[in-house]
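Input: a single structure, listed below in structure tokens.
So that the names make sense, note that chain A is the first sequence line, chain B the second, and so on, each numbered from 1. Note: hydrogens, waters and symmetry copies are ignored here, and every other heavy atom, side chains too, is used. For clarity, every value in this text was computed on a predicted model and none was experimentally measured.
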Number of protein chains: 4
Amino acid sequence: MAKKRGQKYDQIIEAAVKVIAENGYHNSQVSKIAKEAGVADGTIYLYFTNKEAILISLFEEKMGKFVQHSKEQLDIETSVENKLLRLISLHLEQLEADYNLAIVTQLELRQSNIALRNRINEILKGYLGLIDSIIIEGVEEGFFSDGLDIRIARQVIFGAIDEVVTNWVMKDHRYELTPLAEPLNQMLLNGLKKH
Amino acid sequence: MAKKRGQKYDQIIEAAVKVIAENGYHNSQVSKIAKEAGVADGTIYLYFTNKEAILISLFEEKMGKFVQHSKEQLDIETSVENKLLRLISLHLEQLEADYNLAIVTQLELRQSNIALRNRINEILKGYLGLIDSIIIEGVEEGFFSDGLDIRIARQVIFGAIDEVVTNWVMKDHRYELTPLAEPLNQMLLNGLKKH
Amino acid sequence: MAKKRGQKYDQIIEAAVKVIAENGYHNSQVSKIAKEAGVADGTIYLYFTNKEAILISLFEEKMGKFVQHSKEQLDIETSVENKLLRLISLHLEQLEADYNLAIVTQLELRQSNIALRNRINEILKGYLGLIDSIIIEGVEEGFFSDGLDIRIARQVIFGAIDEVVTNWVMKDHRYELTPLAEPLNQMLLNGLKKH
Amino acid sequence: MAKKRGQKYDQIIEAAVKVIAENGYHNSQVSKIAKEAGVADGTIYLYFTNKEAILISLFEEKMGKFVQHSKEQLDIETSVENKLLRLISLHLEQLEADYNLAIVTQLELRQSNIALRNRINEILKGYLGLIDSIIIEGVEEGFFSDGLDIRIARQVIFGAIDEVVTNWVMKDHRYELTPLAEPLNQMLLNGLKKH
DNA sequence: TATGAATGAGGCTTCATTCAT
DNA sequence: AATGAATGAAGCCTCATTCAT
């Protein structure tokens, strides 16, 4: 059971994003998602083993595409500086372009239980790997400090970007997000650079 | 209704931290907290209007004391550099010293609904004010960049520290947290400094 | 939500009458009604929005059928005297034939709160309309007093019948109820007649 | 325990009438009555064995005084006709003069459970005895029909008056009640009279 | 494949009553 | 006599999941 892919599979995921963004995680019943997707409640279970699986797949799909796309874009950039800026920009652009998705990833998905959080962290690793590769490249090039602790650097970068996006969401996206990429990049680059 | 203070008030808060840390927010029934606190279920409601109020008060109490204590410690430090280091150290020390509290603040509290998240953010403002005062002092002293965007700087600092702590918690505090204050401080200071 | 009709809808209503009559309104848990009806607790809520709605629907169904049936029977009678006797007889017969229902309507339903009482009164209006039509016919025919206050007359008729039934129920239906129709009718008719 | 009489005893009863009339039976907690009476919750239990006892005593006190007063007034009247009119008038006057009490006796007290209803019926017997004595006197005088069924006659009289009062209460006492005594008396007298 | 009616476990909260002071 | 803090039992309702069609 629980096939992957298919037209309804996508319908359900898109419905989940919309319903969760509009109603909040704890008020997004399976029946509500099914209705939004235009399928019967039971049909959900032909595509997903349980409710949690919808969330995991949702994040997997969105994050997978984003990481794939980001990878390609980063390959185009040549300098470490530009790569970090590009990464931050892509991150902010994607979420600014899809506010519903931003609500879900920054607020609602975090209301899930620890088990689900762990699964989400697993998926997140792909993205964190991108950050790591930039850091490592920077260190190898001698652009970043020698003794840089990669793990801390990664957490600083991700934590900073994530916090910036979360604040934007919680402030009801009343200001533009992408312009923040530049100053954010400056701070992070300076923080990592060899001086 | 819902008195503040009193021996039982404290008992219930401490019990809530322990029970939530051990069982997770969604598996922490009021009856479980009451039992741990050594009071009757109904007694909880003499001190808190509802279950959510326990969480809010819990965070209020802990954060209030922490901010107060931090303020005093920061006043002792004279340079901006040392103030930021001190802030980070205090943050990491407090949570390393109370792993249960760390679980609750980093993981469980975030599983609450948006309304509660907003209340938590209100309480958090006291702490963010401390960060702001350090940033402003640094800018005024000419130690930090002139055009520094305080809001972004605050989000970078808080986001970075928060992410470092969350990773430590999710990795089951298998490594020491406080030693990370020094490199974390270096990165953040460099990120903000005038070069 | 809350579909009307269906086999289970009827099952639940019948179960409610039985359970409430046997246990009393305040000791008739939803789970008890569900068990008696042979359905799951949750099924109740597919047919009724909440516990109160069971009571309202119960009264609506029983009263609706009774009023409909009474209307048809009254149309057969030609004189006002016989119409009133017929109405009283039908009233007593119905409740004597279903003691459980009598307990519920005379005793248990009145334990509900004012809001529910108002809903019940709304439903009751159909029946009171029958009484009114008899009174009006009697006045127009010159059989009843000219200056008869219809509202008071209606209250006297309903109050008298209702009290007679309630006494019968509270006396554990130890005597026959229908034989009381004749003397009751005599008193009421005399009370209203032009002399 | 549970003394009868005393200043606080009366305070509590008066408080109960007010609180129940204003909040409804099911929303009249002991603590609310205690507050209104200006005593501690526990003090209630020095005067009444339990919450039900407050209601019983309340009805006992009010009804006792009313029956006593009515008896005296009825003795003044000489004819059966005037006695019945007097009884009805006193009934309507008392409740019109104390709307809170009317709410409690006509609506709220009936929301109590069957056991309490039985106790209330016991107390009511004193009043029903007054009605009976009038009926018997009427029969003996030859003013009422010979074959009059006293029980039914009593139920008709009480049921009619009670229904009239209840309607007045449920219509928020928007009209005057006492003027209804005269037509009500006419109907009831005619209903019972020998023709 | 798809449906949707049916299931039933699980928990927050209220409030009458007690009893140490 | 009086207090009021503390007790703890008890129930309505939701919603993820199943399964007969």
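- Distance B/K32 NZ to E/dG10 P: 11 Å, rounded to the nearest Å.
- Taking only side-chain atoms of A/V30, from C-beta outward, the nucleotide of E/dT17, F/dT17, E/dT3 with the closest atom is F/dT17.
- Here the nucleotide nearest the side chain of B/A40, chosen from E/dG11, F/dG8, E/dC15, is F/dG8.
- Following rounding to the nearest Å, A/F48 (CZ) and F/dA16 (C1') show an atom-to-atom distance of 15 Å.
- Ranked by how close their nearest DNA chain E nucleotide is to the 5' end, D/N27 and C/G42 are led by C/G42.
- When distances run from any side-chain atom of D/Q29 to the nucleotides F/dC12, E/dC12, E/dC15, the shortest one goes to E/dC15.
- Remark: the D/N113 side chain and the D/E52 side chain contain an N/O donor-acceptor pair separated by less than 3.5 Å.
- Here E/dT13 is the nucleotide among E/dT13, F/dG4, F/dT7 with the atom lying nearest to any side-chain atom of B/N50.
- Between A/Y127 and A/F66, the ring planes are tilted. Angles from 30° to 60° get that label.
- Pairing for F/dG11 is with E/dC12, a Watson-Crick or G-U wobble pair whose two hydrogen-bonding atom distances lie under 3.5 Å.
- Between the CD atom of B/Q11 and the P atom of F/dA6 there is a distance of 10 Å, rounded to whole Å.
- Between B/L46 atom CG and F/dG8 atom P there is a gap of 13 Å when expressed in whole angstrom units.
- Look at CG on C/N23: it is 15 Å from P on F/dA10, rounded to the nearest Å.
- Remark: the D/Q11 side chain and the D/Y47 side chain contain no N/O donor-acceptor pair separated by less than 3.5 Å.
- Counting heavy-atom neighbours within 6.0 Å of A/K32 NZ, excluding the residue itself, gives a total above 12.
- Mapped onto DNA chain E by nearest heavy atom, D/K51 and A/T43 fall at different nucleotides, with A/T43 at the one closer to the 5' end.
- Here A/K8 does not reach the OP1 or OP2 of E/dT1: none of its side-chain N or O atoms lies under 4.0 Å away.
- When rounded to the nearest whole Å, the span between CD1 of D/I33 and P of E/dC15 equals 12 Å.
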Which is it for D/K125 and D/E122 under the salt bridge (Lys or Arg N to Asp or Glu O under 4.0 Å) test, yes or no, and what are the steps along the way?
CA-CA 5 Å; D/K125 277 187 181 164; D/E122 280 304 310; 3.2 Å; yes
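- For the OP1/OP2 pair of F/dA5 and a distance below 4.0 Å, the side-chain nitrogens and oxygens of B/Y47 include no atom meeting the criterion.
- Put simply, CG on A/D41 is 13 Å from C1' on F/dC19, counting in whole angstrom units.
- Between A/E52 and D/G38, it is D/G38 whose nearest contact on DNA chain F lies nearer the 5' terminus.
- Comparing E/dT17, F/dT3, F/dT14 against the side chain of C/Y45 picks out F/dT14 as the nearest.
- Residue B/I54 contributes atom CD1, which lies 13 Å from atom C1' of E/dG11 at whole-angstrom precision.
- In this entry E/dC19 has F/dG4 as its Watson-Crick or G-U wobble partner, both defining distances falling under 3.5 Å.
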